[in-house]
Amino acid sequence: MHDYDVCVIGGGPAGFAAAMRCWDFGKRVCLIEKGPLGGAGIHNGALSSKTFWELSRHFRSAKRLDRGYRAERVEADFAQVRAVVDQACEDKTRQIAHQLYELAQPRPGLPGSIAHIRGTARFLDAHAVHVEAVDAGHSRRISAAHFVIATGSRPRELPDIEIDGETIITSDHIGSLRAFPRSLVILGAGVIGCEFATIFANFGRTKVYLIDRAPRILPFEDDDVANLCAANLEAKGVTIHRQAKLVAMRKLDGEVEYTIEHATGGRETIRVEKALISVGRVPNTDRIDLDKAGVQLDARSHIVHQDTQTSVPHIYAIGDVTLDIALVNVGEIEGRHAAERLCGHTDRPLSYANLATIMFLDPEVAAIGLNEQQAQAERIPYRVGVYDYSLVNRAIAMRETEGFVKLLVRDDEAMTILGMRALGVHASTTLEAVSLMIQHQRSARELAELYHPHPAITEGLQDCVRMLLGSSIYKPCAFQSQLRLSRIHYADDGTAQARSG
Ligand SMILES: Cc1cc2nc3c(=O)[nH]c(=O)nc-3n(C[C@H](O)[C@H](O)[C@H](O)COP(=O)(O)OP(=O)(O)OC[C@H]3O[C@@H](n4cnc5c(N)ncnc54)[C@H](O)[C@@H]3O)c2cc1C
């Protein structure tokens, strides 16, 4: 008899979701977490950075002078902003701890139980872990019929750059800054790097430099999306070093000196107060003795899995330890799915085809399904409608008309929805309807039938769909720079050919 039915290692969003779903099925679960509950879903990650982003946006908005009022002395103090961020994280952590406490109590008629164990787990063999407890004297061996590995990831470090957590930092150290740096270089123009560039630029106290190896930021998005985000960063004073290779970075007199090489071969050396290294994340698979359990890793140390099941059938892996997209919602979906599988409640494989994401830039970018470059890579003939926010009443009322909705549909009779990108205020509100439509492979015609309240940002999406159907209220021939309608087909050599209308 094992100590538990299921042992979940890691109390981030993936592990917590898995533990809760196992509890639903009446399992005796233990959740082992070595740090604060919530993992990077809360701390030094999704919730902390989103709170920071929201505050920075409000701050920037409060400083605007084009709204008929002027706020006196709008100033940001880093310590106080950080205290608000900490409060948000504490609120959420307390909710998780509360639920774990409640579910630890026996409940009549409910067989499930959860034990929260504070400590670091390492495999002893395929059915047992040793837990080095946070509370001295409580370390012990725990056995379980099933394991779910949800140990997450940490920032990737580079061999030639010494991260000291004060002058040269990663996203894990943002909370330990004592003041807004006067200047900050961010190495890596991926989503996290661009989000922090937006946050620090919004507060207006930091000169931000962004080092990007590629010709443009967000290379996985279409030009129009990436260019608008880049233009906004630059308008806030961010310097983007495009096609720049970092040659050296070192600490010098308590500051940072870095040298980049431009595409032309020319070199430039710049001195800044702090550097943020944002070059991806590595999975936490190296300190849990997976070899003792026989769990296989890929070349980059992610856990190899088949629909959340590892090479050892009673051990599952979810969230950032796997190679799938590192997002809270993905971790949660995987956690729930693994729990359903190991409890014998599903044999349907998990689908990743319909993932919605938001990038917290300026403006926010909501994405689902295919963009144009992906559709073209797959040689799918499609129609695309782009509808500018300047025609959307809600955006006009908010005085936030920058942005657009872009919808892609198959160019055939069915006009099945392929994907959407929305940039602008409340962009994420447009995701829900499109997500459902893509999931059920529905046509643009059905999307056009949705009733929207007025004024709502989603009205832009609705008129964009109507435009694709030739029935929009605002016509592309009247608003040529705000509305775009194109059909993309392919020449015999595979090159994409656009036709308007
Ligand atoms: C700055 C930043 C911003 C982000 N923003 C977003 C966003 O806006 N939206 C979004 O969807 N995603 C965002 N993410 C990604 C998201 O945070 C992660 O994908 C998500 O947290 C992964 O969940 P997880 O449970 O797999 O791992 P984690 O959240 O990393 O949790 C793993 C947990 O396991 C614990 N652990 C590790 N090893 C052991 C061990 N041996 N024993 C016991 N416990 C252990 C860790 O302490 C940790 O608490 C962001 C990430 C960062 C860094």
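All values below were derived from every heavy atom in this structure, side-chain atoms included, with hydrogens, water molecules and symmetry-related copies excluded. All ligand and atom numbering here is 1-based and tracks the order in the structure. If you're wondering where the values come from, they're calculated on a predicted model, not measured in any experiment.
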*Asks:* Kindly state each residue pair satisfying salt bridge (Lys or Arg N to Asp or Glu O under 4.0 Å) with at least one member in residues 304-317, sequence neighbours excluded.
*Replies:* Asp307-Arg341

*Asks:* Distance under 4.0 Å to a non-hydrogen atom of Gly39: what atoms of ligand 1 satisfy this?
*Replies:* 29 (O), 31 (O), 48 (C), 49 (O)

*Asks:* Determine, using heavy atoms of Gly41 and all atoms of ligand 1, whether some pair is separated by less than 4.0 Å.
*Replies:* yes

*Asks:* Quick one: nearest non-hydrogen protein atom to atom 26 (O) of ligand 1, plus distance?
*Replies:* Asp320 N, 2.9 Å

*Asks:* Does ligand 1 have any atom sitting under 4.0 Å from a heavy atom of Val330?
*Replies:* no

*Asks:* Salt-bridged, Arg57 to Glu364, with N to O below 4.0 Å?
*Replies:* no

*Asks:* To which protein heavy atom is atom 48 (C) of ligand 1 closest, and what is the distance rounded to 0.1 Å?
*Replies:* Glu33 OE1, 3.4 Å

*Asks:* Out of curiosity, is Arg281 lining ligand 1, as in a heavy atom under 4.0 Å away?
*Replies:* yes

*Asks:* Got a second to check how far Ile96's CD1 is from Ile42's CD1, nearest 0.5 Å?
*Replies:* 3.5 Å

*Asks:* If the cut-off is 4.0 Å to any non-hydrogen atom of Ala150, which atoms of ligand 1 fall inside it?
*Replies:* 32 (C), 33 (C), 34 (O)

*Asks:* Hey, is Lys50 touching ligand 1 through its side chain, its backbone, both or neither, going by heavy atoms under 4.0 Å?
*Replies:* side chain

*Asks:* Indicate whether any N or O donor in one side chain lies under 3.5 Å from an N or O acceptor in the other, for Arg154 and Asn284.
*Replies:* yes

*Asks:* What atoms in ligand 1 come closer than 4.0 Å to a heavy atom of Gly12?
*Replies:* 25 (O), 29 (O), 31 (O), 33 (C)

*Asks:* Quick test: of every protein heavy atom, which one is nearest to atom 15 (C) of ligand 1, and how far off is it to 0.1 Å?
*Replies:* Ala326 O, 3.7 Å

*Asks:* So, for Ser49 and Ile199, which heavy atoms are closest and what is the spacing to 0.1 Å?
*Replies:* O-CD1, 3.7 Å

*Asks:* Counting only heavy atoms not in Tyr101, do more than 12 sit closer than 6.0 Å to its OH atom?
*Replies:* no

*Asks:* How are the rings of Phe180 and Phe200 set relative to one another: parallel (under 30°), tilted (30 to 60°) or perpendicular (over 60°)?
*Replies:* perpendicular

*Asks:* Counting each atom of ligand 1 from 1 as listed, which ones have a heavy atom of Gly152 under 4.0 Å away?
*Replies:* 26 (O), 27 (O), 28 (P), 30 (O), 32 (C)

*Asks:* In Å and rounded to the nearest 0.5 Å, what is the CE to CD distance from Met249 to Glu257?
*Replies:* 10.5 Å

*Asks:* Near Thr120, which atoms of ligand 1 are under 4.0 Å from a heavy atom of that residue?
*Replies:* 41 (N), 42 (N)

*Asks:* From Asp3 CG over to Cys30 SG, what is the distance, rounded to the nearest 0.5 angstrom?
*Replies:* 8.0 Å

*Asks:* Would one find an N or O of Val328, backbone or side chain, under 3.5 Å from an N or O of ligand 1?
*Replies:* yes

*Asks:* How far is atom 25 (O) of ligand 1 from the closest protein heavy atom, and which atom is that?
*Replies:* Ala14 N, 3.0 Å

*Asks:* Can you tell me the protein heavy atom closest to atom 34 (O) of ligand 1 and the distance?
*Replies:* Gly10 CA, 3.3 Å

*Asks:* Determine whether the side chain, the backbone, both or neither of Pro155 has a heavy atom under 4.0 Å from any heavy atom of ligand 1.
*Replies:* neither

*Asks:* Where on Ile9 is there a heavy atom closer than 4.0 Å to ligand 1, on the side chain, on the backbone, on both, or on neither?
*Replies:* side chain

*Asks:* Strictly below 4.0 Å, N to O, side chains only: are Arg421 and Asp222 in salt-bridge contact?
*Replies:* no

*Asks:* Which residue pairs satisfy the salt bridge (Lys or Arg N to Asp or Glu O under 4.0 Å) criterion with at least one member in residues 12-29, sequence neighbours excluded?
*Replies:* Asp5-Arg28, Arg21-Asp24, Arg21-Glu340

*Asks:* Once the angle between the rings of Phe59 and Phe203 is folded into 0 to 90°, is it parallel (under 30°), tilted (30 to 60°) or perpendicular (over 60°)?
*Replies:* tilted

*Asks:* If you count the atoms of ligand 1 from 1 in the order shown, which ones are under 4.0 Å from a heavy atom of Ser153?
*Replies:* 30 (O)

*Asks:* Under 4.0 Å from a heavy atom of Gly119: give me the atoms of ligand 1 that qualify, with their elements.
*Replies:* 42 (N), 43 (C)

*Asks:* With heavy atoms only and a cut-off of under 4.0 Å, state how Ile288 meets ligand 1: side chain, backbone, both or neither.
*Replies:* side chain

*Asks:* Taking only Lys NZ, Arg NE, NH1 and NH2, and the carboxylate oxygens of Asp or Glu, determine whether Arg242 and Glu234 approach each other closer than 4.0 Å.
*Replies:* yes

*Asks:* To which protein heavy atom is atom 29 (O) of ligand 1 closest, and what is the distance rounded to 0.1 Å?
*Replies:* Ala40 N, 2.8 Å

*Asks:* Closer than 3.5 angstrom, by distance alone: can the side chain of Arg82 be matched with the main-chain N or O of Gly175 as a donor-acceptor pair?
*Replies:* yes

*Asks:* Decide, yes or no, whether a salt bridge links Glu195 with Lys50 under the criterion of side-chain N to carboxylate O below 4.0 Å.
*Replies:* yes

*Asks:* Please list the nearest protein heavy atom to atom 14 (N) of ligand 1 with its residue and the distance rounded to 0.1 Å.
*Replies:* Ala46 CB, 4.1 Å

*Asks:* Provide the number and element of each atom of ligand 1 under 4.0 Å from a heavy atom of Gly319.
*Replies:* 26 (O)

*Asks:* In terms of residue, atom name and distance, what is the protein heavy atom nearest to atom 40 (C) of ligand 1?
*Replies:* Ala121 N, 3.8 Å

*Asks:* Taking non-hydrogen atoms only, is Thr151 closer than 4.0 angstrom to ligand 1 via side chain, backbone, both or neither?
*Replies:* both

*Asks:* Between the side chains of Thr198 and Lys236, does any donor sit under 3.5 Å from an acceptor?
*Replies:* no

*Asks:* Please work out, at 4.0 Å between heavy atoms, whether the side chain, the backbone, both, or neither of Phe16 comes within that distance of ligand 1.
*Replies:* neither

*Asks:* Quick one: look at Arg287 and ligand 1, take heavy-atom pairs under 4.0 Å, and tell me if it's side chain, backbone, both or neither.
*Replies:* neither

*Asks:* Give the contacting part of Ser49 toward ligand 1: side chain, backbone, both or neither, where contact means a heavy-atom distance below 4.0 Å.
*Replies:* side chain

